[in-house]
Amino acid sequence: MKKSVSMIIATLAFQVNTAVAQGPLDIFRSNSTKTRLEKNAPSLRNHLKERKVALEAWNAIPGSELQPVTLTANVTAKNRSGVRELRIREFHYIGDCGYAHGGQDSGVDTPTTAQAVFASDLADSYLNQAALLGIDIDSLTIEIHGQPDKVPTGRVWYPRNFLYTLYIDSPASDAELEKLATLAEQNSAVATLVKAAVVPQLSIDRKESPREKKVEGATLAGLREYIWGKRQAFQASKAKAEKAKRDTAAIRKALAPKRGPWVKVFPNGVRQLTVNDKYLILHDNPAYLGGTNVGMTSIEGVLGILGTCITHISLGQAAERALDVDSISLTVQAEWDPRAGRKGFENLSIAPQNVRYTLHVQTPENDQTVKEWIEAVEKICPMYNLFKDTQTFEHKIVRGSFKR
């Protein structure tokens, strides 16, 4: 016998009222539903099996059918706010500094993000090697931080001497995990890049802007005003720094080890970078490398940190030199060669090559002033110097889940 419309409505009303009485989540908490959801939930072990299929298909492509790929990252200093917007393909995030340096603390700082990017590429390499070796992993998180120089080096300040801790749930033996670590570091394109001394090459694209600026309305809403505000913040910060030199407690606090960023691998292989304990960035791979393409790759991300850092230091040096600058943007590029390691291409590096950047600037300052400005930037820029110096990595393996 067919149910009438009124009977169907009454039945639905009873079900809805019952669900509301239970609470909005209680309907999903029954044992049978929970078991069903858990059974269908993705796991990192399953992802590794899928990734192995993708990697084997990728590795089977002859090198003769592949060509180098140009990777591009674009960074723009955004008007009166001065924040650095990084764009890579359809992905982007905001970089910023604290109030003491003229920022609003509204985005990630580059040195911390850089460490997270290194950890992300290492995590991705661990997944690749585990998939190819058939090693099961149930959870994986990497925490990373730099360490002080053992002997004075005279280098510009930036995080270095990297120590990362691998938190891993896996039935693999200690020997298997150490072998996995060795292979992961050897096959990390980003670690390979920063272990080498790579000097990014500069091009300058300068466009003239008028010295006298016409401001429409009552609000000063341009990059020139941000730079002048940053200059005032720098001067106040310097005075405070001179006082802090005589404060031994402040010195001890500044030199105390700081907690590093960490990268958590989700069951689908997506890496979540946690920066400054509050900002999240997603990294992922395209489908042909076993990913779902929900974020930039870590190889692209390493170009982004170079661009955001140079942009930030450019703003700071413009403020130091009292320059009039109306816009700053950077294009950072490099070639990544997918043929590296394949038959006939064994000598090609897995790291990006020909790292270069173009400074696009609108300013009334002349060419010589701009040239001297950017030379000063390169002397002190943390990421520029990190690239041009050789870096080291060491690891610790901890069994179990990561807890902050």
Side-chain angles (χ1 to χ4, degrees), residues 73-88 92-118 146 155-160 194 200 202 204-205 222-238 241 261 273 275-276 279 281 300-332 355-363 365 370 372-388:
N74 295 292
V75 184
T76 303
K78 302 296 284 188
N79 297 323
R80 185 62 181 87
S81 69
V83 299
R84 280 86 59 199
E85 181 185 49
L86 168 67
R87 287 194 171 273
I88 296 175
H92 74 108
Y93 65 78
I94 295 296
D96 197 7
C97 58
Y99 298 102
H101 294 93
Q104 295 88 41
D105 194 25
S106 60
V108 297
D109 75 87
T110 304
T112 310
T113 307
Q115 296 174 79
V117 170
F118 303 158
R155 290 180 175 181
V156 170
W157 178 88
Y158 57 78
R160 52 181 171 264
V194 298
L202 164 68
I204 297 176
D205 170 29
L223 190 65
R224 193 182 296 199
E225 287 70 39
Y226 168 78
I227 290 172
W228 280 98
K230 196 173 185 70
R231 178 174 174 80
Q232 294 172 341
F234 274 176
Q235 290 171 340
S237 181
K238 281 182 179 179
L273 289 62
V275 182
N276 304 128
Y279 298 111
I281 301 170
E300 293 171 314
V302 79
L303 300 183
I305 61 170
L306 177 64
T308 56
C309 197
I310 293 175
T311 304
H312 182 206
I313 303 302
S314 296
L315 292 168
Q317 283 298 300
E320 288 275 7
R321 292 162 177 264
L323 303 182
D324 288 331
V325 181
D326 293 303
S327 74
I328 297 175
S329 63
L330 239 69
T331 302
V332 185
V355 179
R356 59 201 184 274
Y357 71 99
T358 301
L359 172 76
H360 309 279
V361 57
Q362 285 189 324
T363 177
E365 311 296 347
V370 171
E372 292 172 357
W373 166 35
I374 303 307
E375 285 175 350
V377 169
E378 291 185 342
K379 285 181 181 178
I380 65 170
C381 176
M383 290 303 105
Y384 179 88
N385 284 274
L386 186 152
F387 269 66
K388 79 176 185 64

Could you tell me which residues satisfy side-chain contact (heavy atoms from CB on, under 4.5 Å) with R87, sequence neighbours excluded, listed by chain and number? E85, H92
Looking at every heavy atom in both T76 and S329, which two are closest together, and how far apart are they? OG1-CB, 3.9 Å
Heavy-atom closest pair, residues C309 and T110: CB-CG2, 3.6 Å
Given 3.5 Å as the limit, does a donor-acceptor pair link the side chain of D96 with the main chain of D105, or not? yes
So do I374 and S314 actually touch side chain to side chain, heavy atoms under 4.5 Å? yes
Any side-chain heavy atom of V325 within less than 4.5 Å of one from V361? yes
Looking only at heavy atoms, what is the nearest atom pair of V117 and L273, with distance? N-CD2, 3.9 Å
Nearest heavy-atom neighbours spanning M383 and A114: SD-CB, 3.5 Å
If I take atom OG1 from residue T363 and atom CG from residue L323, how far apart are they, to the nearest 0.5 angstrom? 6.5 Å
Indicate yes or no: at least one non-hydrogen side-chain atom of L315 is less than 4.5 angstrom from one of L223. yes
Student check: side-chain heavy atoms of L306 and C381 closer than 4.5 Å: no
Calculate, to the nearest 0.5 Å, the distance between atoms OG1 and NZ belonging to T311 and K78 respectively. 12.0 Å
Nearest 0.5 Å, what's the OG1-CD1 distance between T112 and I305? 11.0 Å
Pairs in or reaching into residues 305-326: which pass salt bridge (charged side-chain N to carboxylate O under 4.0 Å, His left out), with residues at least two apart or in two chains? R211-D324, R224-D324, R224-D326, K238-E320
Y158 ring centre to R160 NZ or CZ under 6.0 Å, with the angle to the axis within 45°? yes
Between S106 and V83, the two heavy atoms sitting closest are OG-CG1, 3.5 Å
Give every residue pair that meets the salt bridge (charged side-chain N to carboxylate O under 4.0 Å, His left out) criterion with at least one member in residues 373-382, sequence neighbours excluded. K371-E375
The single option from L303, I88, T331 that satisfies side chain to side chain contact (heavy atoms under 4.5 Å, CB included) with N74 is T331
Partners of K388 by side-chain contact (heavy atoms from CB on, under 4.5 Å), sequence neighbours excluded? V199, Y384, N385
Could you note down all residue pairs passing salt bridge (charged side-chain N to carboxylate O under 4.0 Å, His left out) where residues 300-311 supplies at least one of them, sequence neighbours left out? R89-E300
Please round to the nearest 0.5 Å and tell me the distance separating atom OG1 of T113 and atom CG of N276. 6.5 Å
Indicate yes or no: at least one non-hydrogen side-chain atom of V302 is less than 4.5 angstrom from one of F387. yes
Which distance, rounded to the nearest 0.5 Å, do you find between the CG of L330 and the NE2 of H360? 7.0 Å
Residue set satisfying side-chain contact (heavy atoms from CB on, under 4.5 Å) with S327, at least two apart, ordered chain then number -> Q362
At what distance, to the nearest 0.5 angstrom, does CG of D205 lie from OG1 of T358? 7.5 Å
On a heavy-atom basis, the closest approach of I380 and Q317 is CD1-NE2, 3.3 Å
Show the numbers, then the answer: is there a side-chain contact (heavy atoms from CB on, under 4.5 Å) between L386 and V194? CA-CA 7 Å; L386 186 152; V194 298; 3.8 Å; yes
